Protein chains: 2
Amino acid sequence: MAGQVRDAARTRRALLDAAARSVVLHGAGVSLDLVAREAGVSKGGLMHHFRSKDELMAALADDLFDQFARAVEDRMDADDPRPGRRLRAYVRATFDDLEKTQDAVEQATLMATLSAFPEPARRVQERYRRWNRTLAEDGVDPQRVLVVLRACDGVSIAPLFEGQLGPEELASTRTLLLELASGTGPLVGDT
Amino acid sequence: MAGQVRDAARTRRALLDAAARSVVLHGAGVSLDLVAREAGVSKGGLMHHFRSKDELMAALADDLFDQFARAVEDRMDADDPRPGRRLRAYVRATFDDLEKTQDAVEQATLMATLSAFPEPARRVQERYRRWNRTLAEDGVDPQRVLVVLRACDGVSIAPLFEGQLGPEELASTRTLLLELASGTGPLVGDT
DNA sequence: GCTAACAAACCGTCTGGTCGGTACGCTTCC
DNA sequence: GGAAGCGTACCGACCAGACGGTTTGTTAGC
């Protein structure tokens, strides 16, 4: 039922969750002690799982990316014959994430704060580049891909810079981006 | 020539510049001592100009925004009769900024890191919202405005997440966004 | 000479990281 | 099946250093 008293995997998960919450609340200034307490673990326990603060943050970054990658994969529509399926899945994942979270500011703050640490920043960059490469081979005009990706980036961090976005704004931008991600030719633009 | 030995304005400028450089290098963990040394001033001197770290960071945020606002104003084309002049100026300012800086990652890192401090984050949000309101009254279809703005946001922080963007990628996205910012009707999208 | 602009030493607090120790849980062997 | 043995998970006290901020002192400029 409640599981064992000792459960490394569970503890690790609790630590990562606690770290995420604490970072959101206290920015880069989070203390390991706080994270440990928040997870119901002693600081020694934390240090057992993550040998340094940098390592904890890196693990947190990896964790977030894994979740997002899975979200994209889940949103791939196998019945959709048109090219750009992965790009559209990416758009959906981005927006679903924002709509789901009560406070989208959290995610944005997290990513931004993590980027303030050397090792996590490196990993985020590496992962991001991989995404770009994958999405470029999706059969859509590269220019389109880039604009859509940039807009997704923008939508993701916008909460950080200007607070939570309105639902109607989110919805309208989402539709528009999905349309942009559906055409294959170059974008000429005008009405 | 070199000015006086004591020059408050000049010292303040030096401190802000040093703060910017140091924050980029050391993230939120910058020490006041380091910033002071980097500016060729003692810590006491720094504290004379900024009463706390938070205040220093807030001033830095304000400074960055002032610069950007001026850049946008400078790029307003008075001869352009079409609506959306300010939005296009915004796009130009965004891209010029990125192309000018040898290392665009700096700007992005700066903004992100600053957002990790409470007071600076507040100011950034306030300023950003003002921009949004101003740009919404520019005669362009609101949906267009939003996508363009989000894409600009994305282009700005992209360096943080995936490293410096290629010049041809920047150029092509720039053109595309300017086109998007030139139409007035709703965006239908397909080719 | 008086005030603003700095310098330099100082202090209490906090933080990341270490370390010796403890107790749980699984395996092994009888 | 249970006692022994053992590795891993975890605890909690501790430390050295750093950091933000204060205070006191000094000098330049009007």
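These numbers come from a predicted model, not from an experiment. Proteins come first, then strands; the chains are lettered A, B, ... in the order of their sequence lines, and each starts at number 1. Side chains included, hydrogens not; waters and symmetry mates left out as well; all remaining heavy atoms used.
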Novice: Using side chain to side chain donor-acceptor pair (under 3.5 Å) as the criterion, list what pairs up with Arg6(B), not counting sequence neighbours.
Specialist: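 Checked Arg6(B) against side chain to side chain donor-acceptor pair (under 3.5 Å); zero matches.
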
Novice: Write down the protein N/O and nucleotide N/O pairs, taken from nucleotides 28-30 of chain D, whose separation is under 3.5 Å; answer none if there are no such pairs.
Specialist:
residue : atom : partner : partner atom : Å
dG29(D) : OP1  : Val5(B) : N            : 3.2

Novice: So Asp80(B) and Arg88(B), salt bridge (Lys or Arg N to Asp or Glu O under 4.0 Å) or not? Walk me through it.
Specialist: CA-CA 10 Å; Asp80(B) 189 349; Arg88(B) 286 189 293 279; 2.8 Å; yes

Novice: Show every ring pair (Phe, Tyr, Trp, His ring centres under 6.0 Å) that has at least one partner inside residues 20-52 of chain B, sequence neighbours left out.
Specialist: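 Qualifying pairs, neighbours excluded: none.
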
Novice: Return the angle between end axes of the helix from dG1(C)-dC30(D) to dC30(C)-dG1(D), with five pairs used per end and rounding to 10°.
Specialist: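 The helix from dG1(C)-dC30(D) to dC30(C)-dG1(D) shows an end-to-end axis angle of 20°.
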
Novice: Using side chain to side chain donor-acceptor pair (under 3.5 Å) as the criterion, list what pairs up with Gln67(A), not counting sequence neighbours.
Specialist: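 By the side chain to side chain donor-acceptor pair (under 3.5 Å) rule, Gln67(A) matches no residue at all.
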
Novice: Rounded off to whole Å, could you give me the CZ-to-C1' distance for the Arg51(B) and dG21(D) pair?
Specialist: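 After rounding, the reported distance stands at 13 Å.
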
Novice: Tell me: CZ of Phe50(B) to C1' of dA5(C), nearest whole Å?
Specialist: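 One finds 14 Å between C1' of dA5(C) and CZ of Phe50(B), rounded.
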
Novice: Strictly distance-based, threshold 3.5 Å: is any side-chain N or O of Asp138(A) a donor or acceptor partner for the main-chain N or O of Arg86(A)?
Specialist: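 Confirmed, Asp138(A) side chain pairs with Arg86(A) backbone.
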
Novice: Is it the case that the side chain of Lys43(A) and the backbone of Arg37(A) share a donor-acceptor pair, with hydrogens and angles ignored and the cut-off at 3.5 Å?
Specialist: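 Absent.
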
Novice: So, the side chain of Arg150(A) versus the backbone of Gly154(B): is there a donor-acceptor pair under 3.5 Å, distance only?
Specialist: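 Flag not set: sc Arg150(A) to bb Gly154(B) has no pair under 3.5 Å.
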
Novice: Check each residue of residues 34-47 of chain B for a non-hydrogen atom within less than 4.0 Å of any atom in DNA chain D, then write out the ones that pass by number, or none.
Specialist: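 Contacts with DNA chain D under 4.0 Å: Lys43(B), Met47(B).
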
Novice: For Leu180(B), is there any backbone N or O sitting under 3.5 Å from a side-chain donor or acceptor partner on Arg144(B)?
Specialist: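 Yes: the side chain of Arg144(B) pairs with the backbone of Leu180(B).
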
Novice: Mind listing the residues from residues 13-26 of chain B sitting with a heavy atom below 4.0 Å of DNA chain D? Number order is fine.
Specialist: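 Those residues: none at all.
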
Novice: Could you check how far CG of Asp33(B) sits from C1' of dA8(C), rounded to whole Å?
Specialist: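 It is 11 Å, rounded to the nearest whole Å.
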
Novice: Can you check whether His48(B) has a side-chain N or O nearer than 4.0 Å to OP1 or OP2 of dC6(C)?
Specialist: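 The answer is no; no side-chain N or O of His48(B) sits under 4.0 Å from OP1 or OP2.
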
Novice: Does the plane of the ring in Tyr90(B) sit parallel, tilted or perpendicular to the ring in Phe68(B)? Use 30° and 60° as the thresholds.
Specialist: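 Tyr90(B) vs Phe68(B) ring planes: perpendicular.
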
Novice: Could I get the full list of salt bridge (charged side-chain N to carboxylate O under 4.0 Å, His left out) partners for Arg174(A), not counting sequence neighbours?
Specialist: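 With neighbours one apart ignored, the set is Asp96(A), Glu99(A).
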
Novice: Whether His49(B) contacts dC6(C) is assessed here as follows: a side-chain N or O lying under 4.0 Å from the phosphate OP1 or OP2. Is that the case?
Specialist: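 Affirmative; the distance criterion is met.
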
Novice: When Phe65(A) is tested against each of Arg70(A), Arg123(A), Met111(A), Arg130(A) for side-chain contact (heavy atoms from CB on, under 4.5 Å), which residue passes?
Specialist: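 Only one of Arg70(A), Arg123(A), Met111(A), Arg130(A) forms a side-chain contact (heavy atoms from CB on, under 4.5 Å) with Phe65(A), namely Met111(A).
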
Novice: Which residues satisfy the salt bridge (charged side-chain N to carboxylate O under 4.0 Å, His left out) test with Glu106(B), sequence neighbours excluded?
Specialist: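 Listed in chain order: nothing, the list is empty.
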
Novice: Could you check which residues of residues 52-61 of chain B get a heavy atom under 4.0 Å from DNA chain D? Sort them by number, please.
Specialist: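 Those residues are Ser52(B), Lys53(B).
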
Novice: Given atom CG of Leu32(A) and atom P of dT18(C), what is their separation to the nearest angstrom?
Specialist: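 Nearest whole value for this atom pair: 11 Å.
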
Novice: Taking salt bridge (charged side-chain N to carboxylate O under 4.0 Å, His left out) as the test, write out the residues that go with Arg13(B), two or more places apart.
Specialist: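 Checked Arg13(B) against salt bridge (charged side-chain N to carboxylate O under 4.0 Å, His left out); matches are Asp17(B), Asp63(B).
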
Novice: Listed by chain and number, what are the salt bridge (charged side-chain N to carboxylate O under 4.0 Å, His left out) partners of Glu137(B), not counting sequence neighbours?
Specialist: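 Not a single residue meets the salt bridge (charged side-chain N to carboxylate O under 4.0 Å, His left out) criterion with Glu137(B).
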
Novice: Would you say dC6(C) has OP1 or OP2 under 4.0 Å from some side-chain N or O of Thr11(B)?
Specialist: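 So the side-chain polar atoms of Thr11(B) do come within 4.0 Å of the phosphate oxygens OP1 or OP2 of dC6(C), strictly under.
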
Novice: Check the distance between dA9(D)'s C1' and Arg12(A)'s CZ and give it to me in whole angstrom.
Specialist: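 Roughly 14 Å, once rounded to whole Å.
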
Novice: Between the main-chain N or O of Arg21(A) and the side-chain N or O of Glu38(A), is there a donor-acceptor pair closer than 3.5 Å?
Specialist: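 It does not hold such a pair.
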
Novice: Distance-only, no hydrogens or angles: does the Glu162(B) side chain make a donor-acceptor pair with backbone N or O of Glu126(A) under 3.5 Å?
Specialist: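 Checked: no pair found.
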
